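Just so you know, these numbers come straight off a predicted model, no measurement behind them.
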Amino acid sequence: MSITALNLPHITYTYPGAPEPIFEDVTVTFAPGWTAVLGDNDIGKSTLMHIAQGSLTPGRGQVSPSDAVIAFCPQDVAAVPANLDDFAADWSPEAITIRDTFGIADDWPYRYDTLSGGERKRLQIACALAAHPRRRAHPDTQRRSERPYRHHRAERRRQKPPSSTRCSHSSTRNHPTCRGSSSGRTPPATMRRRR
């Protein structure tokens with residue numbers, strides 16, 4: 001399957017009850033590969049990812065391709081992945097590789113409520129990867145991930161880079177495989193509040 005760019009042309013979005021839009025005529029293209037979306041708190045990074053995923057509908061603009069399959073890894077580690085039961089029952093070679101890569105024990109899907117924040121985040125990411133999306137959106141996934149497993153995500157990115165868009169408040173949390181890193185690639189999408 002060929003991974004194409006994800007386009008969000010002329011997006012306008014206003015939160016319910018807000019006097020003015022958080023986005024007005026914003027156009028974003030996420031090329032295949034890893035991309036970081038950076039910006040201050042409450043600037044709309046997660047909102048943009050929700051629009052890309054389809055859980056929020058913009059007032060104007062659209063997401064294309066419209067049939068894009070997008071998994072969303074929530075910022076809140078308390079949010080149980082929708083496909084957790086499917087992942088628990090999946091013993092395909094790909095699912096086993098994901099489990100091994102992220103150090104996920106066989107019993108984790110069955111005791112989500114007892115896992116640490118970092119373990120929950122790793123399981124959320126694994127479930128997103130196991131969903132086979134063409135694009136993945138995950139806001140600030142390293143916040144709760146435990147340090148020993150950060151290199152596993154980086155290694156997976158190098159081995160078989162999927163299309164992924166990552167939101168963060170800090171450029172230091174993004175791996176060099178993200179555009180705009182110290183590797184000299186294209187700058188990341190940086191969001192700033194209008195003054």
With a 3.5 Å distance limit and no angle check, can you tell me whether Lys45 reaches the backbone of Asp40 through a side-chain donor-acceptor pair?
yes
Spell out, as yes or no, whether a donor-acceptor pair under 3.5 Å connects the side chain of Thr14 to the backbone of Glu20.
no
Nearest atoms (heavy-atom pairs only) where Ala88 meets Arg99
O-NH2, 3.4 Å
Within a strict 4.5 Å, meaning less than it, do heavy atoms of the Glu119 and Leu123 side chains meet?
no
Under 4.5 Å between side-chain heavy atoms, hopping through other hydrophobics if needed: is there a path connecting Met49 to Leu56?
yes
Look up atom OG1 in Thr27 and atom CG in Asn7, then write down how far apart they are to the nearest 0.5 Å.
9.0 Å
With a 3.5 Å distance limit and no angle check, can you tell me whether Thr12 reaches the backbone of Asp25 through a side-chain donor-acceptor pair?
yes
Examine Leu8 and Tyr15 and state if one hydrophobic cluster contains both, with Ile, Leu, Val, Met, Phe, Trp and Tyr joined whenever side-chain heavy atoms are less than 4.5 Å apart.
yes
CZ/Phe87 to CD1/Ile98 distance, rounded to the nearest 0.5 angstrom?
6.0 Å
Grab the two heavy atoms, one from Lys121 and one from Val77, that are nearest each other, plus how far apart they are.
CE-CG1, 3.8 Å
For the pair Tyr112 (side chain) and Ala78 (backbone), establish whether a donor and an acceptor sit closer than 3.5 Å, ignoring hydrogens and angles.
no
Between CD1 of Ile96 and CD1 of Ile104, what distance do you get to the nearest 0.5 Å?
12.5 Å
Quick check for you: to the nearest 0.5 Å, what is the distance between Thr57 atom OG1 and Ile11 atom CD1?
10.0 Å
Tell me, please, whether Phe23 has Arg60 positioned over its six-membered ring: NZ or CZ under 6.0 Å from the ring centre and within 45 degrees of its axis?
no
Do you see a donor-acceptor pair shorter than 3.5 Å between the side chains of Ser92 and Glu94?
no
I need the minimum non-hydrogen distance between Pro16 and Tyr13, along with the two atoms involved.
CD-OH, 4.0 Å
How about Val63 and Ile51: do any of their side-chain heavy atoms sit closer than 4.5 Å?
yes
Closest non-hydrogen contact found for Ala79 with Gln124 is O-NE2, 2.8 Å
What are the two closest non-hydrogen atoms of Trp108 and Arg122, and how far apart are they?
CH2-NH2, 3.0 Å
Minimum heavy-atom distance Leu84-Pro109, with the two atoms named:
CD2-O, 3.5 Å
